[in-house]
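Proteins get letters first, then strands, A, B, ... in listed order; numbering begins at 1 in each.
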Amino acid sequence: MAALCVSVRGDEEGQRGQRGQQAQTANTHTTMAHDSIRVRFAPSPTGYLHVGGARTALFNWLFARQSGGKFLLRIEDTDRERSSDEHTQVIRDGLTGLGLDWDEDIVFQGAGIERHQKMADDLLARGHAYEDDGAVRFRMPHEEIAWEDAVGGHISFQGSDIQDWIILRSDRTPTYNFTVVADDAEMTISHVIRGADHISNTPKQIAVFRALGHEPPVFAHVPMIHGPDGHKLSKRHGATAVGDYQNLGILPEALRNFLALLGWNPKDEREVFSDIHELIQAFSLADVQRKSAIFDLTKLEWMNGQHLSLTPVDQLLPLVEPEMKRLGLDAESVPHEKLVKAVDINRERARTIMDIAERAAVRLDSSFIKTDDEKAQKLIAKDRDGFYSSLEATYQLLSGMDDAAWQPENLEQQLRDLAESLGVGPSKIFQPIRVAITGTTVSEGIHILLDVVGREESLARIQAAIRRD
RNA sequence: GCCCCCAUCGUCUAGCGGUAAGGACACCACUCUUUCAAGGUGGUGACAGGGGUUCGACUCCCCUUGGGGGCGCCA
């Protein structure tokens, strides 16, 4: 671990800040001291990775990857009550799932207690803190404390507005605002990129940095994410954890893409970033919004649909198969080729992985055929005789075709010819087939559907539908 | 109560003194089509209010209002 030392950051760090011009410098490769850029994500292991935290991590990561700096992970586990190894694992998995990898070993804040205590004692000895009822309280300087926030611009507090606060409890355990500074200094963090809810902690922390004899890092406070009601996104809004969205059938890259665009935009019309490198290149701290954003699930789903149709089947299969299993269909029990077809063809009309799994299941196992689709029922009711006679004619035709003839182009041609010979529009033939095979009025092209489901099974389903008459 | 931050379509946003205020999601038409989705075309829809500054303000300044965040021996 790096020795505790005064920051080696150069002048460009100290001067940076006038939002815009100079913050921009950090994002381009014109900065000399690339390797001095060190950012961190510092969640407390409370059981899940919040999407707000995930976005903060993402911005840190993008900034580090773009600048050639380091992205570090620090677990704020000082609160023993709420911390656990499993909780830490959830965070690691969440970040990894989103493709956010960290450099160096994970730092556990709890490991630094003795150092924190020593630093507090030092502050005490030098008059920057004083004892109060057994605790150690930091003496806030009565002066203006301001900084150039890389996102928020100039932000200023009066030290006199802020109460002296405890850095060491009476049981000698250090408090959050103090350990953050101690560890950021220890880790020689150059840019603290975190949620805007920490803005009012910042003057306290700057004061400690100074008392400790350190130049404060560059601060960048990214706006918060709110729920539809405008309040801080919380559990009562439903899904707030990264894991929740995986369960909702959202691709990690779609969530990542969506999160990147909440509070930031590339200044051009790009929205769907299929290549993470493109995102890294486009990202800019200075262009991060100062206004909080509302989490819009509908747009996330749209984004997911975009990524779904960009993702090759073989990458999708491992995600779809567990969903199918959850529905009660063992993917391994069906021929692989059939599975691939069923998934692939439904990729582009689906918004979530579940959509795909459900549609695929219908095509692979007749027990998943819908029985309660309103539109399908209406279609049948509208013209019962036409529906069944059409199905019978279709069955006659299709049962006469062998496997070799069972090809999409041929199927379509044959069915069109049938419609013509019967003197009806194609939909009079097509829709009944669709209903017989899927139980719904919606599917891929009918000839594709017949191909995906296969000759034998298709015929069986049509016959079964006729029998139901 | 005190402190800080924020304010363009319902939502995400572009705008950086002179624009018919642009894009995306959603929504509504139309189109394509065997259905749906996708695609294409078009449409509805915003500068919170009031003062300044200026020849000219969405853009700069101030106030109001509204929203958010923070004020623990929590993190």
Side-chain angles (χ1 to χ4, degrees), chain A residues 20 42-46 76-79 81-83 109 132-137 146 149 151-163 165-177 179-180 195-204 221 223-226 228-232 258 261-272 287 289-303 305-306 309 345-351 355 359 375-376 379 412 415-416 419 424-435 438 440-447 449:
Chain A
S44 39
T46 50
E76 313 260 309
D77 58 347
T78 47
D79 185 355
E81 303 287 309
R82 302 202 307 197
S83 305
Q109 189 159 64
D132 175 25
D133 239 348
V136 178
R137 208 173 269 279
D149 197 280
V151 169
H154 186 83
I155 300 177
S156 166
F157 285 79
Q158 289 302 326
S160 52
D161 285 334
I162 301 167
Q163 288 183 349
W165 47 286
I166 286 170
I167 58 178
L168 226 53
R169 300 184 185 92
S170 48
D171 65 359
R172 305 244 338 133
T173 57
T175 58
Y176 170 78
N177 276 115
T179 54
V180 165
D197 48 341
H198 286 288
I199 288 177
S200 31
N201 287 330
T202 306
K204 296 181 183 175
H221 289 94
M224 317 207 61
I225 298 178
H226 289 164
D229 62 355
H231 291 273
K232 194 171 175 175
F258 174 76
L261 258 27
L262 260 195
W264 172 82
N265 77 86
K267 298 282 179 182
D268 55 37
E269 241 69 302
R270 283 179 293 173
E271 292 218 84
V272 179
D287 292 331
Q289 199 78 14
R290 288 130 96 160
K291 183 177 66 166
S292 53
I294 290 172
F295 194 96
D296 182 3
L297 184 62
T298 307
K299 188 152 187 178
L300 205 212
E301 287 181 341
W302 167 80
M303 180 70 78
Q306 297 291 310
S309 41
I345 199 62
N346 285 293
R347 217 167 29 118
E348 58 212 37
R349 43 174 48 71
R351 289 215 149 185
D355 287 345
R359 290 169 209 262
K375 285 183 180 169
L379 183 88
E412 180 172 17
L415 289 168
R416 280 186 187 283
V424 298
S427 68
K428 285 286 179 202
I429 299 295
F430 293 151
Q431 284 302 71
I433 301 176
R434 197 150 6 227
V435 170
T438 68
T440 73
T441 57
V442 173
S443 85
E444 56 271 40
I446 204 73
H447 52 295
L449 177 66

Checking all strands, does [X] fall into the base, sugar-phosphate, or nothing category for heavy-atom contacts under 4.0 angstrom?
| X | value |
| --- | --- |
| A:Asp268 | nothing |
| A:Asp133 | base |
| A:Lys232 | sugar-phosphate |
| A:Ser170 | base |
| A:Ile446 | base |
| A:Lys267 | sugar-phosphate |
| A:Thr440 | nothing |

Check: [Y] and [X] side chains under 4.5 Å, non-hydrogen atoms:
| X | Y | value |
| --- | --- | --- |
| A:Pro228 | A:Phe295 | no |
| A:Ile225 | A:Leu262 | yes |
| A:Arg416 | A:Ile429 | no |

Requested in this report: Name the residue closer to the 5' end of RNA chain B, choosing between A:Gly263 and A:Arg349 according to the nucleotide with the nearest heavy atom.
Outcome: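 Its nearest nucleotide lies further toward 5', so the answer is A:Gly263.
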Query raised in the report: Quick one: on RNA chain B, does A:Val442 or A:Arg169 contact a more 5' nucleotide (nearest heavy atom)?
Result: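 Here A:Val442 is the residue nearer the 5' end.
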Report task. Assess whether one donor atom and one acceptor atom, taken from the side chain of A:Arg434 and the base of B:rU34, lie less than 3.5 Å apart. Result ->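 Answer yes: a donor N or O sits under 3.5 Å from an acceptor.
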Query raised in the report: On a plain distance test, is the side chain of A:Lys299 in donor-acceptor contact with the base of B:rA24 below 3.5 Å?
Result: yes
Report task. Look at A:Asp171 together with A:Arg169 and state whether they make a salt bridge at an N to O cut-off of under 4.0 Å. Result -> no
**Report entry** Salt-bridge present (A:Arg347, A:Glu444; N to O < 4.0 Å)
**Finding:** no
Can you check the [X] [atom1] to [N] [atom2] distance for me, whole Å?
| X | N | atom1 | atom2 | value |
| --- | --- | --- | --- | --- |
| A:Arg290 | B:rC5 | CZ | P | 10 Å |
| A:Tyr176 | B:rC71 | OH | C1' | 15 Å |
| A:Ile294 | B:rA46 | CD1 | P | 18 Å |
| A:Glu271 | B:rC12 | CD | C1' | 8 Å |
| A:Glu76 | B:rC74 | CD | C1' | 12 Å |
| A:Phe157 | B:rG69 | CZ | P | 15 Å |
| A:Gln158 | B:rC5 | CD | P | 11 Å |
| A:Ile345 | B:rC36 | CD1 | P | 17 Å |

Between [options], which nucleotide has the shortest distance from any of its atoms to the side chain of [X]?
| X | options | answer |
| --- | --- | --- |
| A:His226 | B:rC3, B:rG68, B:rA75 | B:rG68 |
| A:Lys291 | B:rU13, B:rC3, B:rU35 | B:rU13 |
| A:Ile166 | B:rC73, B:rG69, B:rU34 | B:rC73 |
| A:Asp197 | B:rC6, B:rC73, B:rG69 | B:rG69 |
| A:Glu412 | B:rC4, B:rG39, B:rU34 | B:rU34 |
| A:Arg351 | B:rA26, B:rG22, B:rC6 | B:rA26 |
| A:Thr441 | B:rA26, B:rU35, B:rG68 | B:rU35 |
| A:Trp302 | B:rC73, B:rA24, B:rC5 | B:rA24 |
| A:Gln163 | B:rA7, B:rG68, B:rG72 | B:rG72 |
| A:Met224 | B:rG69, B:rA14, B:rU34 | B:rG69 |

**Report entry** Nearest heavy-atom neighbours spanning A:Ala376 and A:Thr440
**Finding:** CB-CA, 4.2 Å
Query - Shortest non-hydrogen contact between A:Glu76 and A:Pro45, atoms and distance - result: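 Minimum heavy-atom contact is O-CD, 3.3 Å.
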Query raised in the report: Can you name the residues that form a side chain to side chain contact (heavy atoms under 4.5 Å, CB included) with A:Gln306, not counting sequence neighbours?
Result: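 For A:Gln306, the residues satisfying side chain to side chain contact (heavy atoms under 4.5 Å, CB included) (neighbours in sequence not counted) are A:Val272, A:Trp302.
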Counting only Watson-Crick or G-U wobble pairs whose two distances fall under 3.5 Å, which nucleotide matches [N]?
| N | result |
| --- | --- |
| B:rC27 | B:rG43 |
| B:rC71 | B:rG1 |
| B:rU19 | none |

Interatomic distance at [atom1], [N] relative to [M], whole Å:
| N | M | atom1 | answer |
| --- | --- | --- | --- |
| B:rG39 | B:rG52 | P | 49 Å |
| B:rG45 | B:rG10 | C1' | 9 Å |
| B:rU11 | B:rC27 | C1' | 12 Å |
| B:rG22 | B:rU59 | C1' | 15 Å |
| B:rU8 | B:rA21 | C1' | 8 Å |
| B:rA29 | B:rC9 | P | 25 Å |
| B:rU65 | B:rG50 | C1' | 10 Å |
| B:rA46 | B:rG23 | C1' | 14 Å |

Query raised in the report: With respect to the phosphate group of B:rG68, does any side-chain polar atom (N or O) of A:His231 fall under 4.0 Å of OP1 or OP2?
Result: yes
Query - Reported CD1-to-OG distance for the pair A:Ile433 and A:Ser427, which is rounded to 0.5 angstrom - result: 11.0 Å
